[in-house]
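Letters A, B, ... mirror the listed sequences (proteins, then strands); counts begin at 1.
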There are 2 protein chains.
Amino acid sequence: MNKIEVCFSPELIHLHELQGKIVVVVDIFRATTTMVAALANGIEEISTFADLEECRRMKSQGFLIGGERNGQTVSGFDLGNSPVAFIKNEYSGQKLAMTTTNGTLAISKSANADEILIGAFPNLSATIAYIQKHRKDVLIHCAGWKGRFNLEDSLYAGALVKSLESSHEADEDGALAMKSLFEKEGHQLKGYLGQASHAKRLQNHGIEADIDFCLTLDLYDIVGKVENEKVKAVIKP
Amino acid sequence: MNKIEVCFSPELIHLHELQGKIVVVVDIFRATTTMVAALANGIEEISTFADLEECRRMKSQGFLIGGERNGQTVSGFDLGNSPVAFIKNEYSGQKLAMTTTNGTLAISKSANADEILIGAFPNLSATIAYIQKHRKDVLIHCAGWKGRFNLEDSLYAGALVKSLESSHEADEDGALAMKSLFEKEGHQLKGYLGQASHAKRLQNHGIEADIDFCLTLDLYDIVGKVENEKVKAVIKP
């Protein structure tokens, strides 16, 4: 049986062994959810940038550019960081450059992994199927919020641990705790995560539709995977 | 209403504000439990050391010295790190020097707090009463295991958050998650924490009696508090 563990912050990832593992990077509100929505709606590939101006420069290379600061689309950018912007398939065939701090850090700090997947609720089952097919140990790397534990990434981790019970043993404390948490609160994801500090921050910006989307299960069959520092869909939409 | 939050590792404590707060340091297996048992059984004060040889030198200053490495009492030391060693009141009136890595680090990194308490299940209610009397914001600082999240410290955090519901709002994600976890698993502490990675390590050393003791509620009325870098009982036994 393979094993599964959870790391709650990019600031703790150096304490975990990544080699030989599938690392699932999670930033539910909203970076990894936006990536999955974009890929499922025809975006060819995604480059992520912690730095806003680096991201902006990708515009001249033909990239669609997306980014927000303080909940507002950045001036001169095509898009904010909303997953909902992609769901009408308007940007199909384009390349996306997006700026996100927590998510970019978590991806770059996962570089030693055997494979890096991008986790989100809208493609949870697809990600589970991929992992069960590839039979490797799994580490769920929560992007967190400025280095701190957050509820939505952790609860996604719990969902994944629970769903992989038959193939991946949770013999590590973070995985055990999050499995229990998901068993208790997973039936009421939206109600429970409405309390989360980042959901409250987002609600203040009037983007309840994004939160709803980020907590919706299994809309898409694609799996998001990092290849050569770009995020791509493993199964084309 | 005051607030309560949880930090899961000394490696994340720099992300939390400590000033003005009561910080409760927790290292359930076994450092903080041993401290509480020692103080409740008449030990006058406790000095903690990360370094074994520094601890050993306290012997010549008249301290009782306690410490283990790899589950074995250190050669030349009076005691290991077992809380059960103190419960017959044999060492009453003495000063204790103990060596512990995770616990010492968590205490030293809590230095900016307004007050530092030592958390353990055997004096949970006494600690709750102290906090409710002093009306400050609370941060629970889990010592963890070599920087990583651990189940027993986190579940203690959940117990404290749950017990302080009426006076301290959990509006931070770590506190919310651990409250939920305690609501689900708190009725079967010993069964649930038997799965914890550190409990398994301890079981391998044949110290089930320690684990039982560490998970027993409300044996003592004392509160452990750090004053001038020493741990003392706030209410004398």
Side-chain angles (χ1 to χ4, degrees), chain A residues 3 5-17 28-29 102 139-140 142-158 161-162 169-189 191-201, chain B residues 3 5-17 28-29 102 139-140 142-158 161-162 169-189 191-201:
Chain A
K3 293 184 186 286
E5 63 191 305
V6 179
C7 174
F8 293 109
S9 162
E11 296 211 17
L12 298 178
I13 195 70
H14 61 286
L15 303 169
H16 294 260
E17 179 60 63
I28 296 297
F29 294 149
N102 302 306
L139 184 145
I140 305 160
C142 299
W145 175 251
K146 296 183 177 177
R148 285 171 66 160
F149 175 97
N150 83 23
L151 206 51
E152 62 276 13
D153 297 349
S154 308
L155 206 56
Y156 174 89
V161 173
K162 180 72 183 166
E169 186 193 4
D171 77 335
E172 180 262 349
D173 285 8
L176 285 167
M178 292 308 107
K179 189 177 80 162
S180 285
L181 185 65
F182 184 79
E183 286 168 352
K184 178 160 189 286
E185 309 293 357
H187 67 285
Q188 51 161 356
L189 270 188
Y192 184 65
L193 285 174
Q195 306 174 78
S197 56
H198 197 46
K200 287 182 186 164
R201 279 188 291 273
Chain B
K3 293 183 186 287
E5 64 193 301
V6 179
C7 173
F8 293 109
S9 162
E11 295 211 18
L12 299 178
I13 195 70
H14 62 285
L15 303 169
H16 294 259
E17 179 60 62
I28 296 299
F29 295 149
N102 302 305
L139 183 145
I140 305 160
C142 299
W145 176 251
K146 296 184 177 177
R148 285 172 66 158
F149 175 96
N150 83 23
L151 206 52
E152 61 276 12
D153 298 348
S154 307
L155 206 56
Y156 174 90
V161 173
K162 181 71 183 167
E169 186 193 4
D171 77 335
E172 180 263 349
D173 286 8
L176 285 168
M178 291 308 108
K179 189 176 79 161
S180 285
L181 184 65
F182 184 79
E183 285 167 353
K184 177 160 189 288
E185 309 292 357
H187 67 284
Q188 50 162 355
L189 271 187
Y192 184 64
L193 285 174
Q195 305 174 79
S197 55
H198 196 45
K200 287 183 189 163
R201 279 189 290 273

Heavy-atom distances under 4.5 Å only: say whether A/S180 touches chain B with side chain, backbone, both or neither. both
Apply side chain to side chain contact (heavy atoms under 4.5 Å, CB included) to residues B/H16 and A/R148 and explain how you reach the verdict. CA-CA 9 Å; B/H16 294 259; A/R148 285 171 66 160; 3.4 Å; yes
Main-chain N/O of A/L151 paired with B/D173 side-chain donor or acceptor, under 3.5 Å: yes
When rounded to the nearest 0.5 angstrom, what distance separates NZ in B/K184 from NZ in A/K179? 8.0 Å
Sorted by chain and number, sequence neighbours left out, ring pair (Phe, Tyr, Trp, His ring centres under 6.0 Å) with A/F149 holds for A/F8, B/F8
Considering all heavy atoms, the nearest A/S9-B/L12 contact: OG-CD2, 3.9 Å
Chain B contact via A/E172 - which portion, at a heavy-atom distance below 4.5 Å: side chain
